[in-house]
Each structure stands twice: as structure tokens, then as C-alpha cells.
Novice: 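First, the structure itself, so that you have it in front of you.
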Amino acid sequence: MSKLIRHLARHTLLEAREDRIPHVVSTFAIACITLLPVVRHLTMGAGSRGVQDVGLALQWLAVCAVGLWLGLRTVGLDLDHGRAALLLVRPISPAYWLAGRAVGVGVTLMLLVVGLLAVWLPVAWYFGATLQPVLLAWATLIWLEGALLATLAALISTRTRPLFAALVTLTIWVSGHLSSQYQAVMDELGLGVMAKLLYLVLPDFQVFDLQANVIGGLGASPTALIIAIGYGCAWLVALGALTVWSVQQRDHA
Amino acid sequence: MTNQAPAIELRGVVKEYQALFGAPQRALDCAELVVNRGEGVALLGPNGAGKSTLLWICSGLRRATEGTVRIWGRNPRVASTRSRIGLLPDRPALYPSRTAYEHLELFAAAQGLHNTEAAIAETIGRLDLSAVLHRPVRQLSAGQQKRVALAQALLHRPDLLLLDEPLGALDPESSRLVIDALAEERARGTTLVIATHRLVELAGCCDRVVQVRGGSSQRMGLTPQVLTRLPVRVVYTLPDQAPAPSVGTPCPAPPGVCIRQVSAARRETLLAHIQKMGGAVLHVAPMVDLLSPLPDNEETLA
């Protein structure tokens with residue numbers, strides 16, 4: 001079965017190339033060349049902070065957008081177009097199909113993060129930013145966030161059409177980034193318990209946010225990093241298991 | 001008992017699709033079907049009659065809402081049962097950017113085949129795919145894509161082939177290749193269940209015909225008997241002064257040629273009239289898609 005997983009992972013990677021994902025890196029490079037000098041000009045008093053803020057945010061958004069697309073593409077569209085059925089009619093568990101896809105998505109996202117960083121490092125150096133090891137921790141966490149988003153999109157797309165799955169995934173993702181603000185509002189309304197419950201039910205994407213640490217040169221506590229990675233991995237496993245269950249339960253066409 | 005069990009046994013199968021709003025849609029309503037091992041069965045019926053749903057339920061990829069589904073006496077969702085089934089869907093669901101070879105490699109891995117190269121080489125030879133083997137599927141014609149999809153169904157030499165419109169989108173030459181491949185499978189002892197509108201071409205692969213209409217199945221009889229009972233469309237010419245035949249229904253035709261549709265019972269009368277008037281019969285085509293004029297269901301024939 002490892003052969004099947006390898007084949008599927010390779011398929012996913014090759015499809016990513018067809019989906020113009022390398023173009024994302026090129027677009028980012030062009031954005032760095034054209035946009036960042038303007039940002040530096042507008043944020044003169046802030047040193048390289050403004051440039052770093054925009055550059056890191058662009059990379060983060062690119063990884064999340066590609067993660068969302070890959071989740072929908074590899075599972076939702078396969079189910080929707082009937083391609084998954086031709087595999088699942090074979091004597092394999094859906095877990096193998098999803099594992100192959102997951103490996104492919106993981107590797108694709110990793111290559112994307114590495115590609116974006118390769119463009120970013122000389123740009124950041126040119127604009128006078130201090131490069132610190134925390135950048136690697138930040139890159140790991142945006143990879144994890146992209147993978148989590150892909151898995152969430154995959155799970156939701158097993159139960160609905162890809163477009164609606166994209167909307168639901170985006171809503172959960174945005175809510176997951178506003179969890180602390182949401183908690184404060186709910187506390188004011190006296191509904192703090194409900195907010196905590198929702199926090200448990202929905203993933204909290206804020207734990208993956210190290211951008212302020214990178215820009216401020218603050219570094220990251222190893223404990224916080226391990227907790228964030230553990231939290232992300234636990235969610236990945238839980239969502240992956242739910243996706244397998246959901247595919248097993250549904251009809252195919 | 002499992003060893004003697006029929007290849008397919010469907011008893012009182014109901015399939016309902018849940019609608020988000022409104023009542024569930026019933027695609028199959030108490031469908032019954034028994035297919036013996038090594039038998040070839042054609043499923044006929046209009047679009048939306050439930051033929052594809054029936055095939056998908058047999059493949060184990062869809063669950064029946066009610067009723068019993070047994071493949072060789074076992075649950076079709078069990079892996080050991082599925083490993084012996086080959087499925088060809090109506091739409092060739094392939095990855096547009098991947099080549100035919102990559103598809104076959106992937107499906108061979110999913111099937112757990114050990115001798116992948118030999119299995120692929122044999123299948124592409126049977127379906128004459130060698131010329132397009134390394135081209136992305138998006139560059140292939142609809143007919144070539146259909147043959148690639150059929151290749152994945154035949155790759156592991158299944159004991160049961162469930163085929164949904166195997167001749168759809170195929171030109172006569174490709175149809176011949178597919179029919180020959182299916183005939184080979186029949187000769188090997190494979191059970192075939194074919195949902196089709198092209199019974200005449202596939203008659204050699206099917207022992208009998210089952211009609212699916214309104215979600216339920218009716219046995220129509222052995223294939224030769226069904227073929228003789230099919231209405232026909234006759235293309236003929238008549239001298240200018242000759243009176244038009246009184247049997248059958250005239251159909252639109254190009255100048256100089258007449259086309260008339262007639263039931264099987266009146267076919268000879270029409271042909272005799274054309275001959276008597278000095279006309280010439282150019283073509284007689286059985287009308288498989290016109291199921292309504294078929295005689296009443298004759299249970300004893302099946």
C-alpha cells in the first residue's frame with residue numbers, strides 16, 4: 001500500500017504544478033520587487049518593520065490560500081467528479097487514498113514555504129531586516145496552518161460541494177484567528193462558557209501566529225512552539241480521522 | 001453456500017437520495033436482479049430509470065436504502081469482494097493532467113497488483129492504447145478517454161464487470177475493440193452487467209436483457225428474443241407514384257428517401273409493401289431506445 005500512497009503523493013505534486021502553484025512563488029517575488037519599496041517609503045519611521053509585516057503576511061496568505069485550494073482539489077473535487085470512486089471501488093480503505101493525498105499536500109506546501117522563504121530571505125536582507133532563527137519556527141507554523149486548512153477543507157468537502165466547503169472553511173479560519181477577540185466579546189455578554197466550548201470545538205488558528213515575534217525580533221519560547229505544533233498535529237490527526245470516517249459513510253458517484 | 005451463490009443478487013432494493021428540501025428522490029423502487037456467474041446481462045431503460053444507480057449499488061460504492069444486495073453471496077462493501085469487481089462509470093472520471101499510463105499505474109497499485117508492467121501492457125494491447133499511452137488525458141478524445149477508463153476496469157482481470165454505457169462516445173472502430181474485449185472477458189467466464197442503449201452491438205456479450213424503468217427492474221427475456229421484438233426504423237425508397245405504406249409512423253427524412261418506424265409485429269408487412277411497390281430497403285435499424293413499444297413483460301422468457 002505504500003506504493004499507492006507514493007503514487008497518490010506524486011499525483012498531488014504534479015497536479016500542484018499544473019495548478020500553477022509555482023506561479024504563486026513568482027507572483028510573490030514580483031510583489032516583493034514592486035510593492036515593498038513603496039511600503040518602505042510609506043513606513044519610513046518604522047525601519048524594516050513595515051516591509052517585514054507586509055512580506056510575511058503575503059507569504060502567510062499565500063500558504064493558507066494554497067492549502068485551502070489543495071484540500072478542495074485533492075478530496076472535494078475528486079469526490080465531486082467521481083475520480084475517487086474509481087480508487088475506492090478497489091480493495092483499499094479510504095484511509096490509504098487520503099493518506100496519499102495528505103502526503104502530497106504536505107510536501108507541496110513544504111516546497112511552497114521553502115520557495116517563498118528563498119525569495120524572502122534576500123529581500124529581507126536587502127531591506128535591512130535582522131534574520132533570526134525564529135523565522136524558521138514561523139515558517140513551520142504557517143506550513144502547519146496551511147496543512148490544517150487543507151485538512152479542514154477536505155473534511156467539509158466530503159459532505160458538501162467544493163464551493164460551499166470553501167466558504168465554510170474560510171469562515172472557520174477567520175473565526176479561528178479572532179478567537180481572543182471573540183472570547184472578550186462573549187465574556188462581556190456573559191457567555192464566556194459558550195466561547196470556551198466553541199474554542200474547543202473549532203481550531204484556534206491564533207496559536208500559529210508568530211509574525212509579531214519575527215518582526216519584533218523576540219524569538220519564540222520552545223515550550224510555546226512545542227504546544228503549538230502539538231496542538232496543530234492533534235487537530236490534523238482528528239480532522240484526518242473524521243475525513244476517513246466521512247468518506248466511508250458517504251455514497252460515491 | 002457462498003460458492004454456489006449467484007454473482008449478483010438484489011432483492012427488494014430501494015434507493016432514495018435525500019434532498020436538502022422536500023421529499024427524498026426514489027431512484028430504485030423494489031428492484032430485483034439475479035445474475036448468475038459467467039452470465040452477461042444488458043440493462044436497458046430510458047435515462048434516469050435507475051440503471052446507473054443499480055450498477056453503483058452492485059459495486060458497493062452506494063448503499064441501498066432498503067433491501068438486500070449480495071455479490072457472490074457476500075456484502076459488496078467487503079474488500080475481498082471489491083477486489084474482484086471492475087467498474088466502468090458512464091463518465092470517464094480521470095485526472096486531466098495525468099497520462100493514461102500513470103492512471104493505470106495508480107489503479108494497479110490500488111488493486112495491489114504485483115506484475116504491474118505486464119498487466120498494463122496486456123490491457124493497452126487489447127484496447128489499442130499504445131499510441132496515446134503517454135499523453136495527458138486532457139489531450140485525448142472522448143472515445144480514447146472512455147477506452148482508458150475501460151482499461152482501468154479490465155486491468156486486474158475482474159470476475160464481475162459492471163459497465164455503464166461502455167460504447168458511449170466511441171466511433172465504430174473503437175466500439176469494435178471494446179466489444180471484442182468484452183467478448184473475450186465473457187469467454188473467460190467473467191460476469192458482465194452492461195447498462196446500455198446500444199443493445200444490438202453488444203448482443204454478443206449479453207445472454208439476456210433486463211429492463212429498468214421507473215426504478216424497478218423487469219425481466220425482458222433472452223437477448224435474441226428481445227432483438228426480434230424490438231421496433232425498427234426502416235430506411236427505404238419508393239417509386240414516385242407508389243402509395244405510402246399504411247403501417248408504421250413516418251419519420252423526418254432527406255429528399256428521395258423515406259424513413260418509417262414500425263413495430264416488430266408489423267415489420268414484415270412494411271417490408272413486403274416496399275417490395276411490392278418496386279421500392280428498395282436501404283437499412284433496417286432496431287430501435288433499442290424505444291422501449292415503450294416492447295411487448296408486455298414476459299416473465300417466462302427470462
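The figures here come from the full heavy-atom set of this structure, side chains too, leaving out hydrogens, waters and symmetry mates. Chain letters run A, B, ... following the sequence lines, proteins first and then strands; every chain starts at 1.
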Novice: Would you compute the distance between atom CZ of B/Phe107 and atom CG of A/Leu86 and round it to the nearest 0.5 angstrom?
Specialist: 4.5 Å
Novice: So for atom CZ, which belongs to A/Phe164, do other residues, nucleotides or ligands contribute more than 12 heavy atoms lying within a distance under 6.0 Å?
Specialist: no
Novice: With a 4.5 angstrom heavy-atom cut-off, which part of A/Leu8 approaches chain B: side chain, backbone, both or neither?
Specialist: both
Novice: Contact between B/Ile85 and A/Arg90 at the side-chain level, heavy atoms closer than 4.5 Å - yes or no?
Specialist: no
Novice: Please find the pair of heavy atoms, one from A/Pro91 and one from B/Ser83, that lie closest to each other, and give the distance.
Specialist: CG-CB, 3.5 Å
Novice: Are the side chain of B/Arg63 and the backbone N or O of A/Arg250 linked by a donor-acceptor pair below 3.5 Å?
Specialist: no
Novice: Do any of residues 52-62 of chain B have a heavy atom less than 4.5 Å from a heavy atom of chain A, and if so, which, in residue order?
Specialist: B/Trp56, B/Ser59, B/Leu61, B/Arg62
Novice: Using a cut-off of 6.0 Å, state whether more than 12 heavy atoms not belonging to A/Arg10 lie near its atom CZ.
Specialist: no
Novice: Look at A/Lys3 together with B/Glu105 and state whether they make a salt bridge at an N to O cut-off of under 4.0 Å.
Specialist: no
Novice: Given side-chain contact (heavy atoms from CB on, under 4.5 Å), test A/Leu4 with B/Leu106 step by step and report yes or no.
Specialist: CA-CA 7 Å; A/Leu4 172 65; B/Leu106 174 70; 3.9 Å; yes
Novice: Need one label for B/Arg98: side chain, backbone, both or neither, based on atoms under 4.5 Å from any heavy atom in chain A.
Specialist: side chain
Novice: Looking at CZ of B/Arg82 and CD1 of A/Ile92, how far apart are the two atoms once the value is rounded to the nearest 0.5 Å?
Specialist: 7.5 Å
Novice: Distance check, rounded to the nearest 0.5 Å: B/His103 atom NE2 versus A/His11 atom NE2?
Specialist: 6.5 Å
Novice: Identify which of A/His7, A/Arg83, A/Glu15 forms the greatest number of heavy-atom pairs closer than 4.5 Å to chain B.
Specialist: A/Arg83
Novice: Is the number of heavy atoms from other residues, nucleotides or ligands within 6.0 Å of CD (B/Gln25) greater than 12?
Specialist: no
Novice: Who wins among B/Ala93, B/Pro76, B/Pro92 for the most heavy-atom pairs under 4.5 Å with chain A?
Specialist: B/Ala93
Novice: Would you call B/Tyr95 and A/Asp78 a side-chain contact if the rule is heavy atoms closer than 4.5 Å?
Specialist: yes
Novice: Please state whether the side chain, the backbone, both or neither of B/Arg91 comes within less than 4.5 Å of a heavy atom of chain A.
Specialist: side chain
Novice: Name the region of A/Gln248, side chain, backbone, both or neither, that has any atom closer than 4.5 Å to a heavy atom of chain B.
Specialist: backbone
Novice: What distance do B/Arg77 atom CZ and A/Leu88 atom CG have between them, rounded to the nearest 0.5 Å?
Specialist: 10.0 Å
